[in-house]
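Working notes, beginning with the structure itself.
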Amino acid sequence: MMSTETSRFVRLRVELVVELTDTDRLRRAAYERIDGDESMAEEERGHARRMVESDEAEALAYLVDPFELVEQVPGVELAQASWSSEHIDYDPHAAEWSGAFGDLDGDLEEDD
């Protein structure tokens, strides 16, 4: 008899588009995160601060932590994570974006 097993591992894909409304505030928050990270070596900290200074997308990447997204979910342990942040051209009315996220008032469209 053949039994069907499913993997215990699940890939969760999340794509967000955010609007940067206060880049100075974003950078300050990233600097605080970097400066407060006791596990970061001083050389790495300097590099991180330079990256944040030169690119707001890098600042955002230092503030978004996939572990924090799932740490409170019962029965789940993060096995691996990777993420990136980049500037994009975004037009919410363009065909490539319509339907992908739904409207931003909380009514997300579901894929059929």
Side-chain angles (χ1 to χ4, degrees):
M1 180 187 283
M2 186 181 284
S3 67
T4 304
E5 290 188 34
T6 59
S7 174
R8 297 181 342 199
F9 297 93
V10 174
R11 177 176 294 173
L12 174 65
R13 294 179 191 211
V14 177
E15 184 169 339
L16 305 170
V17 175
V18 300
E19 179 181 1
L20 304 180
T21 58
D22 188 339
T23 56
D24 290 335
R25 193 168 164 206
L26 174 67
R27 279 194 176 98
R28 281 193 306 271
Y31 292 146
E32 287 177 20
R33 170 72 64 99
I34 291 165
D35 292 344
D37 186 346
E38 296 176 3
S39 67
M40 191 179 289
E42 201 56 42
E43 181 178 315
E44 184 182 356
R45 189 181 322 276
H47 175 74
R49 289 182 65 86
R50 286 189 299 278
M51 295 299 294
V52 165
E53 180 62 34
S54 67
D55 188 353
E56 300 90 0
E58 288 291 333
L60 182 61
Y62 276 101
L63 293 169
V64 175
D65 182 350
F67 176 75
E68 292 173 356
L69 295 174
V70 298
E71 70 182 337
Q72 298 298 318
V73 177
V76 173
E77 183 177 325
L78 184 64
Q80 180 180 351
S82 65
W83 67 105
S84 64
S85 183
E86 62 187 353
H87 290 274
I88 61 167
D89 292 326
Y90 175 68
D91 175 1
H93 305 294
E96 68 182 291
W97 296 106
S98 66
F101 299 109
D103 57 22
L104 293 179
D105 66 2
D107 298 328
L108 294 178
E109 297 175 10
E110 293 185 24
D111 292 338
D112 291 326

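Numbers here simply count residues along the sequence, with the first being 1. What you are looking at is a predicted structure, and each value in this text was computed from that prediction instead of being measured.
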Item to check | Test applied, side-chain contact (heavy atoms from CB on, under 4.5 Å); reference residue, His47; option that passes from Met51, Arg49, Glu43 | outcome: Met51
Checklist entry - Would a hydrophobic clustering, with Ile, Leu, Val, Met, Phe, Trp and Tyr connected at side-chain separations under 4.5 Å, put Phe67 with Leu12? => result no
Checklist outcome for this item: Taken to the nearest 0.5 Å, the spacing of Asp22 CG from Glu56 CD works out to 11.0 Å
Checklist entry - Nearest heavy-atom pair of Arg45 and Asp35: which atoms, and what distance? => result NH1-O, 3.4 Å
Checklist entry - Do the side chain of Arg50 and the main chain of Gly46 share a donor and acceptor less than 3.5 angstrom apart? => result yes
Item to check | Smallest separation among heavy atoms of Glu53 and Tyr31, with atom names | outcome: OE1-OH, 2.5 Å
Next on the checklist: Run the side-chain contact (heavy atoms from CB on, under 4.5 Å) test on Glu71 and Asp65 for me, step by step, so that the C-alpha distance in whole Å, both residues' side-chain angles and the decisive distance to 0.1 Å come before the verdict.
Outcome noted: CA-CA 10 Å; Glu71 70 182 337; Asp65 182 350; over 6 Å; no
Checklist entry - Can you name the nearest heavy-atom pair linking Ala29 to Leu63, along with the distance? => result O-CD2, 3.5 Å
Which atom pairs, donor and acceptor, lie under 3.5 Å between side-chain atoms of residues 73-84 and protein residues at least two apart or in another chain?
{"from": "Trp83", "atom 1": "NE1", "to": "Ala61", "atom 2": "O", "distance (Å)": "3.1"}
{"from": "Trp83", "atom 1": "NE1", "to": "Val64", "atom 2": "O", "distance (Å)": "3.0"}

Item to check | Distance in Å, Leu60 CG paired with Glu86 CD, rounded so as to fall on 0.5 Å steps | outcome: 11.5 Å
Next on the checklist: How close do Arg27 and Asp55 get, counting heavy atoms only, and between which atoms?
Outcome noted: NH2-N, 4.1 Å
Checklist entry - Minimum heavy-atom separation for Met40 to Ile34, with atom names? => result SD-CG2, 3.8 Å
Next on the checklist: Checking one residue: Val10. Which other hydrophobic residues are in its cluster under the side-chain 4.5 Å linking rule?
Outcome noted: none
Checklist entry - Can you tell if the side chain of Asp37 reaches within under 4.5 Å of the side chain of Glu44, non-hydrogen atoms only? => result no
